[in-house]
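Throughout, protein chains are lettered first and strands after them, A, B, ... in sequence-line order, and every chain is numbered starting at 1.
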Amino acid sequence: MTNIIENIREQIRRVVGKAMAAAVGKGLMPDVSINEIIVETPKEEEHGDFSTNIAMLLAKKAKKAPVQIASILIENMDFTGTYIKRAECAGPGFINFFLETSWLYDTLKIIDREREDYGRINIGQGKKVVVEFVSANPTGPLHMGNARGGALGDCIASVLQAAGYDVTREYYVNDAGNQIEKFGISLEARYIQLLKGEDAVEFPEDGYQGEDIIDHMRDYIEQYGDKLLDADPEERRRELVNYALPINLERIKKGLEAYGVFHDVWFSEQSLYDSGEFEETINHLKSKGLLYEKDDAQWFRATDFGAEKDVVIIRSNGLPTYFASDIAYHRNKFIKRGFDRVINLLGADHHGHVARMKAAVEAIGIDPDRLDIVIFQLVRLFKNGEIARMSKRTGRAISLDDLLEEVGRDAARFIFNTKASGSHLDFDLDLAVKQSNENPVYYVQYAHARICSMLRLLESEGISVPVADEVDLTLLAAPEEINLMKKLAEYPDEIRIATQTLEPSRLTRYVTDVASLFHSFYTECRVKGEEENLMKARLLLVSATKTVIKNVLGILSINAPERM
RNA sequence: GCGCCCAUAGCUCAACUGGAUAGAGCGUCUGGCUACGGACCAGAAGGUUGUGGAUUCGAGCUCUGCUGGGCGCACCA
């Protein structure tokens, strides 16, 4: 639960704050207010471990040159009780801080103490958050877009858990409404076609073309024969949907599980109607005067809340739109179940939903900032160097199951999390399949396996990983050792940033950096056969590296193999 | 036409939300295994951050005009 980087930033903020007060007290500079002291980590090593731009920010108000302010502040700084060794003024007025190496040794002690909990922080403070993701219509198999959303949503959830939130992973099952109607019509058409021939009935224009619909009906007929041929059509469609829908859901569930994605709640859209919550919600909106009638339909005044246009929630045929039940669904999340935050993942093709959903949330009396909608860009699949289109209609789409079979869970999850959600993702199937150094996931896994191999070898000679307190960590002073320790120290702060930006993609980059620094260390620094104290110190560092790699891969739900 | 997203090395992407000399991986080139796993390491080449303005001590990042691409703009979801 320790974020040492954050602790040090806090130390620096205190030191700077006190230095300002002291300088003002001595009349060296005017008493100007500053809302926040920003501490950042410079990328150049010569610029120290941390820096602040405060002198530059104060310059105008204090009517002094930044460099002058920086010098005054530095002269009035007191470093006792901190990791700070010295501070110096550089460039246009930055104050750079250099730390005692002991902060890195303390990092190793923290990792040794926290083990599988290292990296966990508590910015979530136990707040309840629901992450809703995938939520694909259960009318067919999952595709590449769902695969990206699945990897992303699951990792966002894991990151939030690591950050101290009480997280629920949820799948919203669209088992009501128009899509299900279409599903039923499609099944019915295939059913009749299979029994009475292709020409017996025309397949509906906007029906689901996929092979899976036909397969369903073939199986159904095998089990139950033609008993529905003369049934009432509405009855028949309901029966066919009731047959196929649970099968689809089960397949989706199985597929996601194979992908390492486990939803805690499968929330049925239909249940909102059954429980009366849907009606409650509509009545609530009506009573607040947020609905009006036009062209025989009921409209929601989304424009009152900044959306571009109002939106229909009850169609003129009396049937509600998807959006209507979605409002009830969000009311359920916030009010019935009391989530502090709601996070929804949506493919870019649904981004039009964002503004009106925010509007709806505000309409039911909830601060819309409590709703985060993460839009992820769609996936372009490359195979043999060319774009493989994925459309649900042609049935030529690559399904999640295909992906797992060809690429494997680890590579797929890793690749989907190497890019920020907002950036378009080109998924190179040929590259993903390769089990070579071109494929970044193996680079990281290799580092872990290599460490395990080292530990095994030493263990077989009776040498086990020592306890941090029994080791002279000051022996770790080589650049490769320092760089590796610094990177390990960043992990809790990486969790913090990933949480605040809802971007787990930075963790794949982070863990790649860890692996890279480890490999450099490995090449330069021997462990086995070194002088005993040095060996112990390095062994502890190696073990800490293993812990961090394993913890990060754990968040990504990617295996950390002991051999490969 | 309107709205949202994107444009950074040959390719795929970063840049801690305004900081100092824009970084990685792949690919290319040059080196490195008689010791813990070579799926590795060290180094090199590669850039006017699509483009014109604006804001300020300071812009890849903010505002704005273009260009090119993706996605939306339903009484579908």
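- Aromatic ring centres of A:Tyr329 and A:Tyr172 lie closer together than 6.0 Å.
- Aromatic stacking of A:Phe94 on B:A20: satisfied, with centres closer than 5.5 Å and planes within an angle under 30 degrees.
- Phosphate contact (OP1/OP2 of B:C76, side-chain N/O of A:Arg315, threshold under 4.0 Å): present.
- Rounded to an integer number of Å, the gap from A:Glu46 CD to B:U21 P is 12 Å.
- Side chains of A:Asn344 and A:Lys333: a donor on one and an acceptor on the other come within 3.5 Å.
- When the side-chain nitrogen and oxygen atoms of A:Lys419 are compared with OP1 and OP2 of B:U12, none of them lie within a distance under 4.0 Å.
- For the P atom pair drawn from B:G27 and B:C63, the interatomic distance equals 38 Å after rounding to whole Å.
- One interatomic measurement links the two molecules: CE of A:Met357 to P of B:G72, which rounds to 20 Å at whole-angstrom precision.
- For the P atoms, the distance linking B:A44 with B:C6 amounts to 34 Å, nearest Å.
- Listed pair A:Ser453 / B:G37 meets the phosphate criterion, a side-chain N or O lying under 4.0 Å from OP1 or OP2.
- When each of A:Glu562 and A:Thr501 is assigned the nucleotide of RNA chain B with its nearest heavy atom, A:Thr501 is the one assigned upstream, toward the 5' end.
- Aromatic ring centres of A:Phe97 and A:Phe50: separated by at least 6.0 Å.
- Across the protein-nucleic acid pair, A:Leu346 atom CG and B:C4 atom P stand 17 Å apart, rounded to whole Å.
- Atom CD of A:Glu480 and atom P of B:C40 are 18 Å apart (whole Å).
- Distance check on atom P: B:C61 versus B:A7 gives 11 Å, rounded to whole Å.
- Counting to the nearest Å, the C1' atom of B:U56 and the CE atom of A:Met56 are 12 Å from each other.
- Side-chain N/O atoms of A:Ser505 and A:Glu503 include a donor and acceptor closer than 3.5 Å.
- With both ends at atom P, the span from B:C66 to B:G10 equals 29 Å, rounded to whole Å.
- Using atom P as the reference point in both B:U8 and B:G70, the two lie 15 Å apart (nearest Å).
- Side-chain nitrogen and oxygen atoms of A:Ser520 include at least one within less than 4.0 Å of the OP1 or OP2 phosphate oxygen of B:A42.
- Here B:A35 presents its C1' atom at 14 Å from CZ of A:Arg538, a figure rounded to the nearest Å.
- Both geometric conditions, a ring-centre gap below 5.5 Å and a plane tilt below 30°, are fulfilled for A:His47 over the base of B:A20.
- Note on A:Lys60: only backbone sugar-phosphate atoms sit closer than 4.0 angstrom, heavy atoms only; bases stay farther off.
- Between A:Asn317 atom CG and B:A74 atom P the separation is 18 Å, expressed in whole Å.
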